[in-house]
Every structure is written in structure tokens, then in C-alpha cells.
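What follows is a single structure, written as C-alpha cells, with notes after it.
Given the structure is predicted, the values throughout are model-derived calculations rather than measurements. What you see below is based on every heavy atom in this structure, not just the backbone, and it leaves out hydrogens, waters and symmetry mates. Note that ligands are numbered from 1 as they come in the structure, with each ligand's atoms numbered from 1 the same way.
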Amino acid sequence: MTTTARPAGATVWLTGLPSAGKTTIARLLGDRLKAEGRRVEVLDGDEIRRFLSAGLGFSRADRDTNVRRIGLVSEVLARNGVLCVVPVIAPYADSREAVRARHAASATPYIEVHVATPVEVCGERDVKGLYAKQAAGELTGLTGVDDPYEPPADPALVLRTRDQTPRESADTVYAVLAERGLL
Ligand SMILES: Nc1ncnc2c1ncn2[C@@H]1O[C@H](COP(=O)(O)OS(=O)(=O)O)[C@@H](OP(=O)(O)O)[C@H]1O
Ligand SMILES: Nc1ncnc2c1ncn2[C@@H]1O[C@H](COP(=O)(O)OP(=O)(O)O)[C@@H](O)[C@H]1O
């Protein structure tokens, strides 16, 4: 019987404000990796909130629970050879640190990417109309506007999406995976 070495998995966490570009970059990166034959899962924040995190809102406690749950799932997948791409806001440093520590405990690669789009640009993009709703007084607690976003202190990568195409941003993340021997 022969055994074939399984490629190492990893979690790539894309943190940033609403409309920063997390989902777009995750999909492009995921599609490229799948086309190359890798096992990939994109854990999209909206989808997770419909199922795994159903019932959670956007209080500090609920966001923390949401991020830790997603971190648990991504670590399990990544530990078992999946490239797990996670486009989730994760506004709090301590929640992100807990996810990092969970990966470190199993020596599973964890790559934190800050999708560092300024709030003015996010507000112009306003993919889901949340910034307009907040401005109209129909929504409170919007991350980066009237709810906190703690930027990562030491991310593996900072993406300035204002100055890049989505493809360029996704390719920059891909290059980090390549540099780290994860492809
Ligand atoms: N108040 C408030 N603040 C921030 N985001 C809000 C809010 N209400 C709804 N949404 C939408 O919820 C989407 C998923 O959020 P996340 O699960 O990634 O958020 S968190 O990490 O738990 O903070 C998130 O998706 P993205 O726009 O893709 O970031 C938002 O569109
Ligand atoms: N370099 C870039 N990377 C990602 N998205 C970008 C970039 N430049 C412009 N965009 C646009 O910004 C929007 C980001 O939306 P989305 O990916 O849904 O954000 P998020 O998931 O962070 O809420 C999309 O319309 C996308 O085409």
C-alpha cells in the first residue's frame, strides 16, 4: 500500500469592514485554488449566520461567539488538509487572538489578512446598503461607523483594495500562501 502526503491545510482569515472586499477576494482566491485541485472551503459570514450562528446578532458578545465558532470550524477543516478562506469582519482583537491561539495549539497554519479599505471607500461601495441605512437612522451598531473595529496589530498581509483590482488583491493572498509553502 502506498500513501500520498496530503497537502497542508490553512486558514486564511480576511478581516475588514463591511464592503471592504472580503467576500469578493475570498471567492476569487477560492476559485483559483479549486481550479488547481485543492480542497477549499469559503466560510462566508452571511451563510454562517443563517445556520451555525443563527440567532446571534451584532452585540460584542454575539460577534465574539460568532467569530470563535467560525474559528473552531476553520481550524478543524484546516487541520485536515482544507484551505479554509474566511471572509468575516471579526472586529475585536481578542476574538481574533483566540482563533489564532486555537490554530497555534494544533500547529495549523493561520494567515490573517487585513482587508484595509478606508471607511469612506466602503461607504461609497455600500454593497448591501448598510452605510445608507445607518446614515438614515435605520440601523445602529455598524462596524467602523458607530461600532468598533480594532485593526489587526500584526497581520500577515495588508490589502489596500482602493488601489488594486479584486484580482490583484486575491493574487497577493495567493502569493503569501505560495511563499509559506502551502500550495
Ligand atoms: N451592524 C452590523 N455591523 C456589521 N455588519 C453587519 C451589521 N448588520 C448586518 N451586517 C452584515 O452582516 C454580515 C456578516 O457579518 P460578520 O458575521 O462577518 O460579522 S462579525 O464578525 O460577527 O462582526 C456583514 O457582511 P459583510 O458586509 O460581507 O462584511 C454585514 O453585511
Ligand atoms: N481590490 C478589491 N478587492 C475586493 N473588492 C474590491 C476591490 N476593488 C473594488 N472592489 C469592490 O468592492 C466590493 C466589495 O464587496 P464585498 O466583497 O461584498 O465586501 P465585504 O465582503 O467585505 O462586505 C465589490 O463590489 C468589489 O467589486
So, for [X] and [Y], which heavy atoms are closest and what is the spacing to 0.1 Å?
| X | Y | result |
| --- | --- | --- |
| His103 | Thr11 | NE2-OG1, 2.7 Å |
| His114 | Pro151 | CE1-CB, 4.0 Å |
| Asn66 | Leu56 | N-CD1, 3.8 Å |
| Trp13 | Ala90 | NE1-CB, 3.5 Å |

Output side-chain donor-acceptor pairs under 3.5 Å for residues 130-138, partner residues at least two apart or in another chain, one line each.
unit_1 : atom_1 : unit_2 : atom_2 : d
Tyr131 : OH     : Pro18  : O      : 2.6
Gln134 : NE2    : Asp146 : OD2    : 3.3

Legend entry - Results of side chain to side chain donor-acceptor pair (under 3.5 Å) for Tyr92 - residues two or more places apart only: none

Inset, instruction - For a side chain to side chain contact (heavy atoms under 4.5 Å, CB included) with Pro87, tell me which candidate from Leu29, Thr24, Thr15, Asp44 qualifies. - result: Asp44

Legend entry - side-chain contact (heavy atoms from CB on, under 4.5 Å) assessment of Val88 paired with Ile48: CA-CA 10 Å; Val88 168; Ile48 296 273; 5.7 Å; no

Legend entry - Greater than 12 external heavy atoms within 6.0 Å of Arg27's CZ: no

Legend entry - Protein residues that have a heavy atom under 4.0 Å from any atom of ligand 1, sorted by chain and number: Pro18, Ser19, Lys22, Thr23, Asp46, Arg49, Phe58, Arg63, Asn66, Val67, Val88, Ile89, Ala90, Pro91, Lys128, Leu130, Gly141, Leu142, Thr143

Inset, instruction - Using a strict cut-off of under 4.0 Å between a residue heavy atom and any atom of ligand 2, list the qualifying protein residues by chain and number. - result: Leu17, Pro18, Ser19, Ala20, Gly21, Lys22, Thr23, Thr24, Ile25, Arg125, Val127, Thr161, Gln164, Thr165, Pro166, Ser169

